[in-house]
Engineer: 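Would you mind keeping the following structure in view while I ask a few things?
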Amino acid sequence: MGMLISMPAFSQTVEVPLHAAARVQYGADRVRKVLKPGWRVVVQVGNGASKEGFVIEVKNRVIDVRGDDASGALYGCLELAERIRSGALTADRPGAALTFSDRPEMPLRGACIGMQKPVLLPGRGPYEYPYTPQNFPWFYDKKLWTRYLDSMVDNRMNTLYLWNGHPFASLVRLPDYPYAVEVDDETFSRNEEMYRWLATEADRRGIWLIQLFYNIIVSKPFAEHNHIKTQDRSRHIEPLIADYTRKSISAFVAKYPNVGLMVTLGEAMEGVGQDDIDWFTKTILPGIKDGLKVLGRKDEPPVVLRAHDTDGPAVMKAALPVYGNLYVECKYNGEALTTYTPRGPWAELHRKLSSISKGLIENVHIMANLEPFRYGSPDFIQKCVQAMHNDYHASGLHLYPQASYWDWPYTADKVGAGTASGGGASRGPASGGAVATAGGPRLLEMDRDWIWYKAWARYAWNCHRNRGDEIVYWSRQLAGRYGCDEEHGKYILEAYEQSGEIAPKLLRRFGITDGNRQTLTLGMLMTQLIDPERYGLFSLLYDSEGPPGESLSQYAEKEWKKQSHEGETPVQVCDEVEEEGRRAVLAIVRAEDAVTRRRDEFGRLMNDMQCYKLLADCYAAKARAALAVLRYKYSGDIKDIQQAGSSLQLSLDMFRELARTADSGYLYANSMQTAQRKIPMRGVNGTYKTWGEMEPVYVKEFENFVGNLDSLVRGSGREEAPAAYRPTEVRVSGGRYEVEVGAKPFADSGMVIRKVASPLAGVKGVMQSARRQLLEGTEVSFTCKEPVDLLIGFFDEKRSMYLQPSQLETDASANDFGQADIKIADGVVVEGMPPVQVHAWSFPAGAHTLRLGKGLCLVLGFVKPLEKGKTYDAGLSEPGKKNLDWLFE
Ligand code: SER
């Protein structure tokens, strides 16, 4: 245990071992601040055989705090300080004896902060944000960091991750590539100082700083110097880039020895194949080892691999012989929060990753379905952490901010004059807690979302707490925060817990994707509800990220065929969320009059509960409208469509109300404001991020419906095929073929086109070698004198022999050329092959090369630029299929 040094402070003492770690001193200082005279505290640190646990023993005004290790001693001190502060342990009861011990269930409990912004910087790709005071003024604010780190240690979190595409060029200089640094000298020095300060201050609180980076991204000056792109998914590994990256990593490890690394292999490199395995084992891990060698270290500090957009098990298998101490981080419910009953292939992947790594860390990522409203259901969160242990075999948590990840440290709340603070709660002392920024006052996410952090951290420490005790605990927490009694605190808890079911249920039952390309709180178009496949339905959402259940179309089909329903049904969710919204509002209203503290904040919470209720009502009405439309497909009975109309009208009314309520409280719904946002509307140039912007879209949708109903009644309505695309000449190597019945699109295969959608008449395809596509991928080099769209046909079946369209869920560049949307669904029939979905890549005039991954596809040729965002369902392989999307467009 070592020698003890006594640090008398008045008549109380807190003694810590000589040369105790900084975190032990920090814990002791926290005790000193609250310890009453006449007491003696002796802090001891064990040999670290077990981790982070502690025992507190109180006997006759002498308190022993024994930590398993330095972190355990820190947590023991914090527990003691909290007990003294709350009056649970006082000097008034000198004879009181108590023994208390605790230790965490999850060894890694972390939070992350994005060194990211809501928009792309001019001339740069996703995640490319140099560390500068212009990009991140808050990064240089030590007071803000101190608050954040203090809140982390209060929650006993022990890891802090910073996310950035390529942080190295802001933090290290390489003798071989001095030109790669992308910040000026003064900023570089400030970065070095801030970064070291942050790592030290984190360590003082038992927190390990970890830097995340994406691959393959190089700095802008490096790219310009070498005439290459900063990132390019289709680029294979090149020796120059590998050398630069290896040296960057090595220099980083040597320079910041106390900072860990987390690696995203995906996105800017092909997620299937050998490249990412080679990149990890031959560039990244050797870079880390080089850095450790410089430090003279023989041990292997932990390295965290993200399973995002890569074959995690394959990469791990190849990497473990190179580096043993590998952890894996994997998304809990994609980029959303949908369930505490995860299952299916996603759960299997988690268990597999857990079994082959040092530990699996669960990434609660982005929360695209919770933004921007407040979320803090301890019940839901506790069950999620239980699922992390039981269903995923995880041992770590990696928590995103609850909202506004891309806009951290702020939230989307409107603050200042003239903004709603909700149902009459604006009386009483202002306690908004806003901070001044260049753009006006803003709320800090760490303050606003205190309950989010506290709940996840509490259950990461121990998820087996008794539910009855937890209700008491949280009721008291809320009562304390809002200055009311426990009974009213319980109503506030009820509001959080009722509302906490709504967004998860809505997304998992009606959503298109768990990814941040969908903003749930902005609603969904009717076509997205009745025809989600057209929008790139992400199937994991339905087969892994919710309880077993039925989609809208499955429900409609079973209803029509009089088959019994299974699991969670859309109708059940409509009923449940309406009830939960109603109860959430009722509960918060019941608490209102008892609130004496933070009334501004409480008003905002009330407004959020109202928003949740309206959101639930709006979705429920629209889902019922969708079910009626889907029923019409079977019944052909116009009464079904009329019923859809009244539900749609109700949904629109609810949305109008939501728009008024939510826009009064929020600057935006979603903090990612790039064109990667697709659902409900494409967010190009930062548009469609408020409810007010969506309202006319839903009004138009309703008007279209009313207008088109007439055609339907007269039996004349159907979707019109768009006019023929206008072919255009380009210079391209390779044989050509007319896209027409009888044509053979492959030079080395007899495959024949049997049907072609009318807009493709006259288009000239580029003949491919099927063998080459399968073994090497597709490459089309061409020169055009004017802007063109290049049409590619994907065979719609998930098999490795078919090229799969890139998904925005895993690849932020998947829409760089506008290629994410389907232009013609089921637009070509090739005999014996799956239906063909036609996508278009937009190119300006000039010389280009389009490279696609391995697998068969059709290169259908070049046309003049097409109208954006329009999809036509030709339905060639399903004659007689009724498509009713046109009713709403
Ligand atoms: N989709 C990106 C990722 O998973 C950003 O959230 O890294």
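Fair warning: this is a prediction, and the values are worked out from it, not measured in the lab. We're numbering straight along the sequence, starting at 1. When a ligand or atom number is given, it counts from 1 through the structure's own listing order.
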Engineer: Yes or no on salt bridge (Lys or Arg N to Asp or Glu O under 4.0 Å) for Glu545 and Arg508, after CA distance, side-chain angles and deciding distance?
Structural biologist: CA-CA 7 Å; Glu545 295 170 348; Arg508 71 187 185 217; over 6 Å; no
Engineer: Given Gln676, His308, Met672, identify the one with the heavy atom nearest to atom 3 (C) of ligand 1.
Structural biologist: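 The residue whose heavy atom sits nearest atom 3 (C) of ligand 1 is His308.
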Engineer: By the salt bridge (Lys or Arg N to Asp or Glu O under 4.0 Å) test, which pairs, at least two apart or in different chains, include something from residues 115-127?
Structural biologist: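 Qualifying pairs, neighbours excluded: Arg124-Glu182.
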Engineer: Taking Lys352 first and then Glu348, would you say they form a salt bridge - that is, a charged N and a carboxylate O separated by under 4.0 Å?
Structural biologist: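 No salt bridge links Lys352 with Glu348.
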Engineer: Specify the protein heavy atom at minimum distance from atom 6 (O) of ligand 1: its residue, its atom name, and the distance to 0.1 Å.
Structural biologist: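 Looking at atom 6 (O) of ligand 1, the protein heavy atom closest to it is His365 NE2, 2.6 Å.
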Engineer: Sequence neighbours left out, what pairs pass side-chain hydrogen bond (donor to acceptor under 3.5 Å, both in side chains) with at least one residue falling in residues 666-686?
Structural biologist: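 Passing the test, one end in residues 666-686: Glu371-Ser671, Arg374-Tyr666, Ser404-Tyr668, Asp407-Tyr668, Arg448-Tyr666, Thr519-Asn670, Asp608-Tyr666, Thr674-Gln676, Lys678-Asp821.
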Engineer: Less than 6.0 angstrom separating the ring centers of His365 and Trp163, yes or no?
Structural biologist: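 Distance test on ring centres: under 6.0 Å, yes.
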Engineer: Report the distance from atom OH of Tyr140 to atom CE of Met194, rounding to the nearest 0.5 Å.
Structural biologist: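 The CE atom of Met194 is 8.0 Å from OH of Tyr140, to the nearest 0.5 Å.
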Engineer: Atoms of ligand 1 less than 4.0 Å from Trp163 heavy atoms?
Structural biologist: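 Per the distance check, 7 (O).
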Engineer: Regarding Tyr127 and Gln231, is there a side-chain donor-to-acceptor distance under 3.5 Å anywhere?
Structural biologist: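 There is no such pair between these side chains.
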Engineer: Under a 4.0 angstrom heavy-atom cut-off, which atoms of ligand 1 come close to Glu267?
Structural biologist: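 Those of ligand 1 that fall under 4.0 Å from Glu267 are 1 (N), 2 (C), 3 (C), 7 (O).
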Engineer: Geometry only, no angles: is Arg306 polar-contacting ligand 1 at N/O separations under 3.5 Å?
Structural biologist: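 Arg306 vs ligand 1: N/O contact under 3.5 Å present.
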Engineer: Which of the atoms in ligand 1, numbered in the order shown and given with their element, are less than 4.0 Å from a heavy-atom of Ile366?
Structural biologist: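 Ligand 1 atoms under the 4.0 Å threshold to Ile366: 6 (O).
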Engineer: For atom 1 (N) of ligand 1, what is the nearest protein heavy atom, given as residue, atom name and distance?
Structural biologist: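 Protein heavy atom with the smallest distance to atom 1 (N) of ligand 1: Glu335 OE2, 2.7 Å.
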Engineer: Can you tell me the protein heavy atom closest to atom 5 (C) of ligand 1 and the distance?
Structural biologist: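 Of the protein heavy atoms, Tyr127 OH, 3.5 Å lies nearest.
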Engineer: Output yes when the distance from some N or O of ligand 1 to some N or O of Tyr214 is under 3.5 Å, and no in every other case.
Structural biologist: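 By distance alone, the answer is yes.
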Engineer: Which residue owns the protein heavy atom closest to atom 4 (O) of ligand 1, what's the atom, and how far is it?
Structural biologist: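 Ranked first by proximity to atom 4 (O) of ligand 1 is Lys331 NZ, 2.7 Å.
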